[in-house]
Q: 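This is the structure, below, for whatever I ask next.
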2 protein chains.
Amino acid sequence: MKASTATLDKARDEFVTQWGALGSAWGINRTMAQIHALLMTSPNPLSTDEVMEQLAASRGNAHTNLKELVNWGLVRIVTRKGERREYFEAEKDVWKMFVTISKERKRREIDPALGVLRSCADQTKGETSPAGKAFHTQMQELEEFVAFAGKVADVVAGMKHTSALQWAMRLLG
Amino acid sequence: MKASTATLDKARDEFVTQWGALGSAWGINRTMAQIHALLMTSPNPLSTDEVMEQLAASRGNAHTNLKELVNWGLVRIVTRKGERREYFEAEKDVWKMFVTISKERKRREIDPALGVLRSCADQTKGETSPAGKAFHTQMQELEEFVAFAGKVADVVAGMKHTSALQWAMRLLG
DNA sequence: CTCTTTTTTCAGTGAAAACTGAAAGCAATG
DNA sequence: CATTGCTTTCAGTTTTCACTGAAAAAAGAG
């Protein structure tokens, strides 16, 4: 691997580190966010060992988080012919990334929340006391809103890059 | 406090517990999410001691998270005249909640991310190697997207409940 | 100023999550 | 079927974060 300029290395390092920190603020573990940042800015796919080396992480840690990123659909495995080793490559198109994350968060967060709210609304359908009615209404309103958020996620997920941008321009222009 | 129906208590309990669990999946600590759920479904403002009792939490824990919710703008302090003690009351309007959360997450997550991306893009403005250019472009694209997300948050924050719903209907109808 | 009630802070503890490193598993190769 | 090269798993450890409880600070009340 040829030596890159010091500035580039420094910037990339900053990106990886800070992205990791930001990831923690979301509910994402630091290593996973760092690996993602690393792959997003890598000119070529990286092997587990290269990731381990660049982040000074253990094999187990690198492996688990790489596979988790693959599960999320943000990273894919590529193999070079005649080579046994797996390499990992991140989706670099920002809009595609966004769509993938939206889908996944919907599945993991919105759908379960809807379940809870439906169940709570359901259980209190028959309440007659003011408190009971208020609770029921509150659950319904939350359910309605969360369902709406889910629909937005679906619509977004169906958008192609170009149309999405046009839509955005109309919204904000 | 008068005895409520068992069904209502059960439903409310489920809501508080599950909301706490869901909160963890977001980057929100369990107690904070639970207190929020508790206050959202409470007919009247609650004191620190009442929160402590209902969630079996320590004073420090209850206190810290109540104040954190106040910081977020999701909960306000109310005082009864002639009483020294503070009571806490959650915003119950779902749309207002959403607007508050959007604003706050923008400030805490989008703005810092923008900072990182700008810095990284800036540092690599002058890169001439293919790798350097690719990195710079990647940072720019991310920055553009995150800035867009911020604008969306601003627009949403400015919407009134009614117009927001109309907008939503047009989007999904 | 002293007593009482409530809020706030914080050092110490505990639980949960992330991480390590080594062993086990698997697939290709001769 | 033994060997090599890589992947996967997991028991044990470290790190991080939430939480406790008690002490200190603040805010009335007399």
Side-chain angles (χ1 to χ4, degrees), chain A residues 16-39 44-72 75-89 108-109, chain B residues 16-39 44-72 75-89 108-109:
Chain A
V16 170
T17 308
Q18 295 297 324
W19 209 247
L22 285 170
S24 314
W26 280 71
I28 292 160
N29 90 45
R30 213 184 64 248
T31 307
M32 188 169 145
Q34 287 185 344
I35 294 179
H36 188 219
L38 194 66
L39 292 177
N44 32 55
L46 301 180
S47 66
T48 304
D49 290 74
E50 287 166 327
V51 170
M52 285 168 64
E53 192 204 320
Q54 298 214 35
L55 299 181
S58 71
R59 182 171 303 286
N61 196 12
H63 174 80
T64 309
N65 285 296
L66 279 165
K67 285 302 159 95
E68 189 61 13
L69 282 164
V70 172
N71 275 348
W72 269 76
V75 166
R76 53 183 163 275
I77 299 173
V78 299
T79 41
R80 302 186 189 155
K81 54 185 164 186
E83 260 206 83
R84 188 129 120 220
R85 175 175 305 198
E86 290 181 335
Y87 290 82
F88 299 89
E89 177 182 60
R108 298 181 189 220
E109 289 156 19
Chain B
V16 170
T17 309
Q18 295 298 322
W19 208 247
L22 284 170
S24 314
W26 280 67
I28 293 161
N29 89 46
R30 213 185 62 248
T31 307
M32 187 169 147
Q34 286 185 345
I35 294 179
H36 188 220
L38 194 65
L39 291 177
N44 32 56
L46 301 179
S47 66
T48 304
D49 291 75
E50 288 166 327
V51 170
M52 285 168 63
E53 192 204 320
Q54 297 214 37
L55 298 180
S58 71
R59 181 171 304 284
N61 195 13
H63 174 80
T64 309
N65 285 295
L66 278 166
K67 284 303 158 98
E68 189 61 13
L69 282 164
V70 171
N71 274 348
W72 270 76
V75 164
R76 53 182 162 275
I77 299 172
V78 299
T79 41
R80 302 185 190 157
K81 52 184 163 187
E83 260 205 82
R84 182 126 51 113
R85 174 174 306 194
E86 291 181 333
Y87 290 81
F88 300 88
E89 176 180 61
R108 298 180 188 222
E109 289 156 21

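This one's a predicted model, so the numbers in the text were calculated from it and none came from an experiment. So that the names make sense, note that chain A is the first sequence line, chain B the second, and so on, each numbered from 1.
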Q: For a quick test of reading the model: is some side-chain N or O of B:Arg85 closer than 4.0 Å to OP1 or OP2 of C:dT6?
A: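 Yes, B:Arg85 has a side-chain N/O under 4.0 Å of OP1/OP2 on C:dT6.
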
Q: What is the separation between atom CE on A:Met52 and atom C1' on D:dT7, rounded to the nearest whole Å?
A: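 To the nearest whole Å, that distance equals 12 Å.
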
Q: Between D:dC19, D:dT9, C:dT8, which nucleotide has the shortest distance from any of its atoms to the side chain of A:His63?
A: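 Within the option list, the nearest is D:dT9.
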
Q: Quick one: B:Leu55 CG to D:dC19 P, roughly how many Å, whole number?
A: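 Atom-to-atom, B:Leu55 to D:dC19, this comes out as 10 Å.
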
Q: Roughly how many Å is it from CZ in A:Arg59 to C1' in C:dA24, rounded to a whole number?
A: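 So the two atoms are 14 Å apart, to the nearest Å.
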
Q: Please compare A:Glu83 and B:Thr31 by the position of their nearest nucleotide in DNA chain D and report the one closer to 5'.
A: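 Nearest-nucleotide comparison on DNA chain D picks A:Glu83.
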
Q: Between C:dT20, D:dT8, D:dT20, which nucleotide has the shortest distance from any of its atoms to the side chain of A:Glu86?
A: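 For the A:Glu86 side chain, the nearest candidate turns out to be D:dT8.
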
Q: At 4.0 Å (heavy atoms only), tell me whether A:Ser47 reaches a base, stays on the sugar-phosphate, or touches nothing.
A: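 Contact class for A:Ser47: none.
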
Q: Does the side chain of A:Asn61 get closer than 4.0 angstrom to OP1 or OP2 of C:dA18 through an N or O atom?
A: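 Checking A:Asn61 against C:dA18: no side-chain N or O falls below 4.0 Å of OP1 or OP2.
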
Q: Measure CD/B:Glu68 against P/D:dA18 and give the value in whole Å, please.
A: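 Going from CD in B:Glu68 over to P in D:dA18 covers 10 Å.
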
Q: How many whole angstroms separate atom CH2 of B:Trp26 from atom P of D:dC17?
A: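 Value for this atom pair: 19 Å.
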
Q: Using a 3.5 Å cut-off and no angle test, enumerate the donor-acceptor pairs between side-chain atoms of residues 19-30 of chain A and protein atoms at least two apart in sequence or in another chain.
A:
{"residue": "A:Ser24", "atom": "OG", "partner": "A:Gly20", "partner atom": "O", "Å": "3.2"}
{"residue": "A:Trp26", "atom": "NE1", "partner": "B:Glu109", "partner atom": "OE1", "Å": "3.4"}
{"residue": "A:Asn29", "atom": "OD1", "partner": "A:Thr31", "partner atom": "N", "Å": "3.0"}
{"residue": "A:Asn29", "atom": "OD1", "partner": "A:Met32", "partner atom": "N", "Å": "2.9"}
{"residue": "A:Asn29", "atom": "ND2", "partner": "A:Asn65", "partner atom": "OD1", "Å": "3.1"}

Q: Looking only at N and O atoms, is any donor in the side chain of A:Arg84 or the base of D:dG5 less than 3.5 Å from an acceptor on the other one?
A: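 Answer is yes: a donor-acceptor pair is held.
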
Q: Hey, is the side chain of B:Asn29 poking within less than 4.0 Å of OP1 or OP2 on D:dC19, counting only N and O atoms?
A: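 Result: yes.
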
Q: Taking all heavy atoms of A:Ile35 and all of A:Ala62, pick out the closest pair and write down the distance.
A: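 Closest pair (atom of A:Ile35, atom of A:Ala62, distance): CD1-O, 4.0 Å.
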
Q: Calculate the interatomic distance between B:Met32 atom CE and D:dC17 atom C1'; express it in whole Å.
A: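 Interatomic distance, CE of B:Met32 to C1' of D:dC17: 15 Å.
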
Q: Find the distance B:Asn71:CG to C:dT7:P and express it as a whole number of Å.
A: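 So the two atoms are 16 Å apart, to the nearest Å.
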
Q: Can you tell me how far P of D:dA18 sits from CG of B:Leu69, to the nearest Å?
A: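 Taking atom P of D:dA18 as the reference, CG of B:Leu69 is at 14 Å.
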
Q: Taking for each residue the nucleotide of DNA chain D bearing the nearest heavy atom, is the 5' side occupied by A:Lys67 or by B:Asn65?
A: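 Checking each residue's closest nucleotide, the 5'-ward one belongs to A:Lys67.
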
